[in-house]
Chemist: 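Would you mind keeping the following structure in view while I ask a few things?
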Amino acid sequence: MIKLRIITFSALVLIFSCTDQKKEDTTTKKLAVNYDRSGGIVNHNSSPHIKLKSIEIGDCKWTEGFWADKFKMAEEIMIPHMGTLFKGDIGFAYDNFKKAAGLKEGEAGGKWWHDGDFYKWMEANMYLYAQNGDEKLMDDLDEIIEIIGKAQEEDGYLSTHVQIKKAKRWDNILQHELYNCGHLYTSASIHYRVTGKTNFLDIAIKNANYIYSVFQPQKPEMARFGFNPSQIMGLVELYRTTKDKKYLELAEIFVNMRGSVEATEHSTVPYMFIGDHNQMRTPLREAKEAVGHAVLANYLWAGAADVYAETGEQAIIDALERIWSSAVEKKMYLTGAQGQTHHGASGRFDMVHEAFQEDYLMPNSTAYNETCANISNAMFNYRLLSVKGDAKYGDIMELVMYNSALVGISVEGKDYFYANPLRMNKGDGERNYESATTERAERVPYIPVFCCPPNLARTIAKLSGWAYSKSKNGIAVNLYGGNVLETVLLDGSKLKLKQETNYPWDGDVTVTIKEAKKEKFEILFRIPEWAEGTKIMINGTEVDNKIVPGTFAKIERLWKAEDIITLDIPMDIDFIEGHPLIEEVRNQVAIKRGPLVYCIESPDLPENTKILDVYVSKKAELKANHRPDFLGGVSTIDGEVLLRPDLATGMYRKLQEPNWKKTETSFVPYFAWSNRGRSEMTVWMPIVWE
């Protein structure tokens with residue numbers, strides 16, 4: 001028997017009409033029922049177990065600086081270009097919906113999960129629209145939504161590969177049916193919040209009702225299908241939008257499925273996807289460590305955090321905090337990346353793929369670090385930030401966004417990385433990337449496994465929604481960047497402020513109050529854990545609050561229009577070393593300045609220099625140099641390195657006295673490497689203790 005623990009809901013579920021998309025064009029249908037349009041990207045408005053609630057979509061807009069530039073890149077290049085791929089012969093996705101709808105002939109193209117990736121791209125366009133109001137974006141989406149509605153089966157089922165191939169439903173977890181559903185629910189909920197139209201939401205509701213009919217009976221043979229669990233987050237957002245409690249009930253059922261059946265071979269599960277790989281060996285509430293596929297894991301944990309936000313079950317949040325400690329403190333790279341290995345084994349000898357490994361086992365050149373895993377790490381931490389109100393989760397969000405997420409896209413916005421190692425070297429023993437599906441030696445314009453690019457596109461497009469959160473009596477500043485915020489606090493009062501900064505290139509941040517209520521309220525400033533010596537001034541006078549790195553600095557007072565808060569966040573250049581149990585980086589250092597991890601790349605070294613020949617002196621004098629016309633505008637770190645050419649042969653050799661050569665070079669932000677052709681690169685370098 002399947003062992004599932006069910007929440008009993010006291011109220012009868014609300015019943016909503018589910019429009020048959022094959023018979024009715026609902027393109028212009030608006031607010032036909034009393035759904036909840038309020039809320040942010042993650043709608044915390046009515047969530048009872050949240051300390052920091054989301055701002056509304058569109059409340060914060062980037063105006064200048066780093067993230068404004070990245071948003072512009074996404075708006076003008078990344079997302080439109082991605083649309084040409086998805087709608088063309090390369091990206092397949094749109095044609096798959098046309099084929100499932102009977103509007104086009106042919107075989108299914110791409111991967112089983114391509115529907116979900118297309119929904120992510122659609123979601124990215126919605127965030128653009130919330131910022132720029134370009135009606136052409138919504139007109140385009142309305143045409144797409146009409147096709148999707150025609151592709152949907154009468155009973156609500158929707159997964160184009162299964163439909164086109166006439167495959168058996170729920171035959172194998174690798175059909176990714178629930179993954180597609182989850183991104184449908186999230187995308188449709190965002191579409192409704194941004195536009196007020198129900199044409200997309202109706203499709204999602206119809207599908208969710210079908211999914212409820214399949215999984216609510218909790219048949220043991222269906223217990224393994226939570227495989228790629230975007231559906232948990234999606235169902236909670238659908239619940240928050242419709243207030244229909246059966247979607248929250250179903251979300252918790254999917255949480256309960258983990259570890260509910262034996263981790264043995266089953267007809268629906270390939271042998272290499274058993275147990276720890278899918279986080280199926282241990283019930284989530286009993287879990288103590290991060291295991292298995294890193295994307296699956298973070299999606300599961302983020303979804304469970306959403307469930308906790310609604311139910312407040314202590315066992316869930318206790319487990320998530322234990323898992324966070326394992327994932328972040330023992331298995332995460334300096335860049336915020338997760339998923340150390342492409343193929344390996346868990347500590348319990350289950351085969352794993354794109355996955356966490358043992359504690360402190362952190363290879364650099366073979367590090368997998370899928371872009372989606374890194375983004376989902378930020379998604380999980382955003383939810384924990386909201387639930388717990390602890391700045392350490394915001395630190396991880398920031399670390400990921402500036403490093404292991406942003407490295408997934410080139411500076412011009414058209415070429416991608418899927419896997420993100422911390423070292424790339426040529427020469428003897430060079431890995432063969434020519435036949436690789438996901439691991440590449442340099443950025444490429446299309447990856448056959450195309451889940452990461454649209455995930456990054458929607459994340460860059462929505463990031464302003466993570467910049468602030470609403471506290472009980474005020475606002476929390478989670479991320480720094482030039483922006484304007486116009487929002488309504490939890491007590492209904494209006495707040496307008498403007499943030500000006502060249503962060504992360506320098507640490508001066510100015511926040512000007514433009515409109516505020518006439519009663520005292522708090523502003524919480526996240527002080528990064530690396531930001532020792534941060535100072536805060538109000539109208540030129542330094543505050544006497546104790547500023548503690550890794551926490552929120554709380555300033556509560558009677559604010560008035562034109563009050564000016566300035567932060568002076570030191571941007572020191574630091575050498576970082578690893579825990580001594582990380583064998584791969586013993587006696588090596590990395591360079592970090594503010595939230596940015598730096599690397600050295602072969603274009604910045606003498607010709608024919610191997611990256612493994614590079615050493616750095618502890619006494620090296622390093623200076624930041626802002627170069628607005630280099631790699632899209634970055635600050636490099638300039639200084640001297642030592643070169644020790646390795647001319648010896650053999651796997652092991654007798655130590656010889658080094659013949660050091662000195663050279664001036666520049667370190668570049670890790671996210672900006674591989675924008676000058678194929679090159680070698682490393683984050684970690686041996687240190688010379690002169």
Side-chain angles (χ1 to χ4, degrees), residues 50-55 59-60 65-67 381-382 384-399 401-402 463-464 466-485 487 489-491 493 495-514 516-517 519-572 574 592-596:
I50 290 288
K51 290 186 178 179
L52 295 177
K53 298 198 174 187
S54 57
I55 58 174
D59 279 2
C60 176
F66 189 92
W67 288 117
N381 275 274
Y382 173 67
L384 288 182
L385 173 69
S386 303
V387 167
K388 303 294 292 185
D390 192 327
K392 69 181 182 181
Y393 304 117
D395 283 353
I396 302 301
M397 287 165 46
E398 178 180 72
L399 180 68
M401 291 311 306
Y402 280 113
L463 190 63
S464 61
W466 286 1
Y468 297 91
S469 296
K470 299 175 186 178
S471 64
K472 186 175 182 180
N473 183 36
I475 198 78
V477 184
N478 302 325
L479 299 174
Y480 297 107
N483 65 66
V484 291
L485 173 70
T487 195
L489 299 180
L490 296 181
D491 64 1
S493 62
L495 174 65
K496 295 182 182 180
L497 57 80
K498 181 179 182 180
Q499 186 179 154
E500 298 169 283
T501 181
N502 198 30
Y503 191 92
W505 310 127
D506 70 53
D508 296 330
V509 180
T510 299
V511 176
T512 304
I513 306 295
K514 294 297 183 180
K517 65 180 179 178
E519 295 82 27
K520 286 184 178 182
F521 67 94
E522 64 191 20
I523 302 181
L524 308 174
F525 293 96
R526 183 181 59 83
I527 310 300
E529 56 84 22
W530 46 263
E532 293 279 355
T534 295
K535 297 178 181 179
I536 300 178
M537 305 182 78
I538 300 175
N539 300 326
T541 301
E542 187 173 350
V543 301
D544 57 7
N545 303 52
K546 185 177 181 181
I547 309 300
V548 180
T551 69
F552 279 103
K554 176 180 175 180
I555 303 176
E556 185 172 17
R557 56 176 276 160
L558 186 63
W559 300 96
K560 62 182 185 301
E562 301 310 318
D563 277 344
I564 298 176
I565 310 107
T566 56
L567 284 78
D568 178 8
I569 304 174
M571 286 288 179
D572 298 332
D574 294 316
K592 193 166 180 280
R593 180 174 184 261
L596 291 167

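Values reported hereafter were calculated over all heavy atoms of this structure, with side chains retained and with hydrogens, waters and symmetry mates removed.
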Chemist: Is any side-chain heavy atom of N545 closer than 4.5 Å to a side-chain heavy atom of I536?
Modeler: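 In short, these two side chains do not touch, never coming nearer than 4.5 Å.
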Chemist: Any carboxylate oxygen within less than 4.0 angstrom of a Lys/Arg side-chain nitrogen, looking at D572 and R593?
Modeler: no
Chemist: Show the nearest heavy-atom pair for residues G507 and M571, with the distance to one decimal.
Modeler: N-CG, 3.6 Å
Chemist: Check side chain to side chain contact (heavy atoms under 4.5 Å, CB included) between D491 and all other residues, then give those that pass, not counting sequence neighbours.
Modeler: N473, L489, S493, K517
Chemist: Taking C-beta and beyond as the side chain, do R557 and I538 meet within less than 4.5 Å on heavy atoms?
Modeler: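 The answer is yes, as the side chains (C-beta and beyond) meet within the 4.5 Å cut-off.
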Chemist: So, for A531 and I569, which heavy atoms are closest and what is the spacing to 0.1 Å?
Modeler: CB-CG2, 3.7 Å
Chemist: Please enumerate all residues that pass side chain to side chain contact (heavy atoms under 4.5 Å, CB included) together with A516, with sequence neighbours excluded.
Modeler: L495, I513, F521, W559
Chemist: Determine whether R526 and L524 make a side-chain contact, defined as any pair of heavy atoms from C-beta on separated by less than 4.5 Å.
Modeler: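 SC-SC contact between R526 and L524 ruled out.
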Chemist: Using 0.5 Å steps for rounding, measure from the CD1 atom of I50 to the NZ atom of K470.
Modeler: 13.5 Å
Chemist: Quick one: CD1 on I475 to CG on L490, what's the gap to the nearest 0.5 Å?
Modeler: 8.5 Å
Chemist: For K392, look at atom NZ and say whether over 12 heavy atoms of other residues, nucleotides or ligands are found less than 6.0 Å away.
Modeler: yes
Chemist: To the nearest 0.5 Å, how far apart are CH2 in W530 and CG in L596?
Modeler: 8.5 Å
Chemist: Flag the pair I555 / V543 as yes when at least one side-chain heavy-atom distance between them is below 4.5 Å, and no otherwise.
Modeler: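 Side-chain contact under 4.5 Å: yes.
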Chemist: Which atom pair, heavy atoms only, marks the closest approach of I527 to A553?
Modeler: CG1-CB, 4.0 Å
Chemist: Which pair of non-hydrogen atoms, one from A391 and one from G550, has the smallest distance, and what is that distance?
Modeler: CB-O, 3.7 Å
Chemist: Sequence neighbours excluded, which residues qualify as side-chain hydrogen bond (donor to acceptor under 3.5 Å, both in side chains) partners of E522?
Modeler: S471, K554
Chemist: Supply the atom-to-atom distance E500 CD to N483 CG, rounded to the nearest 0.5 angstrom.
Modeler: 10.0 Å
Chemist: Would you indicate whether the side-chain heavy atoms of V387 and Y393 approach each other to under 4.5 Å?
Modeler: no
Chemist: Just to verify, what does K592 make a salt bridge (charged side-chain N to carboxylate O under 4.0 Å, His left out) with, not counting sequence neighbours?
Modeler: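 Applying salt bridge (charged side-chain N to carboxylate O under 4.0 Å, His left out) to K592 gives none.
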Chemist: With sequence neighbours excluded, tell me which residues meet side-chain hydrogen bond (donor to acceptor under 3.5 Å, both in side chains) with S386.
Modeler: none
Chemist: Which residues pass the side chain to side chain contact (heavy atoms under 4.5 Å, CB included) test with N478, not counting sequence neighbours?
Modeler: L385, S469, A476, F552
Chemist: Checking Y402 now: which residues fulfil side-chain hydrogen bond (donor to acceptor under 3.5 Å, both in side chains) with it, not counting sequence neighbours?
Modeler: W67
Chemist: Output all residues satisfying side-chain hydrogen bond (donor to acceptor under 3.5 Å, both in side chains) with T487, sequence neighbours left out; order by chain, then residue number.
Modeler: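 Checked T487 against side-chain hydrogen bond (donor to acceptor under 3.5 Å, both in side chains); matches are D59.
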Chemist: Roughly how far, to the nearest 0.5 Å, is CG of D390 from NZ of K51?
Modeler: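 Those atoms lie 8.5 Å apart.
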Chemist: V511: what forms a side chain to side chain contact (heavy atoms under 4.5 Å, CB included) with it, not counting sequence neighbours?
Modeler: L497, Q499, V509, F525, I565
Chemist: For A467 and C60, work out which heavy atoms get closest and say how close.
Modeler: CB-SG, 4.2 Å
Chemist: For Y382, which residues count as a ring pair (Phe, Tyr, Trp, His ring centres under 6.0 Å) partner, sequence neighbours excluded?
Modeler: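 Applying ring pair (Phe, Tyr, Trp, His ring centres under 6.0 Å) to Y382 gives W466.
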Chemist: Going by the side-chain hydrogen bond (donor to acceptor under 3.5 Å, both in side chains) test, which pairs reach into residues 502-513, not counting sequence neighbours?
Modeler: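 side-chain hydrogen bond (donor to acceptor under 3.5 Å, both in side chains) check on residues 502-513 returns E398-Y503.
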Chemist: Can you measure from CD1 (I547) to CG (D568) and round to the nearest 0.5 angstrom?
Modeler: 11.5 Å
Chemist: Going by side-chain hydrogen bond (donor to acceptor under 3.5 Å, both in side chains), name the pairs with one or both residues in residues 534-543, residues two or more places apart or in two chains.
Modeler: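 Qualifying pairs: N539-D563.
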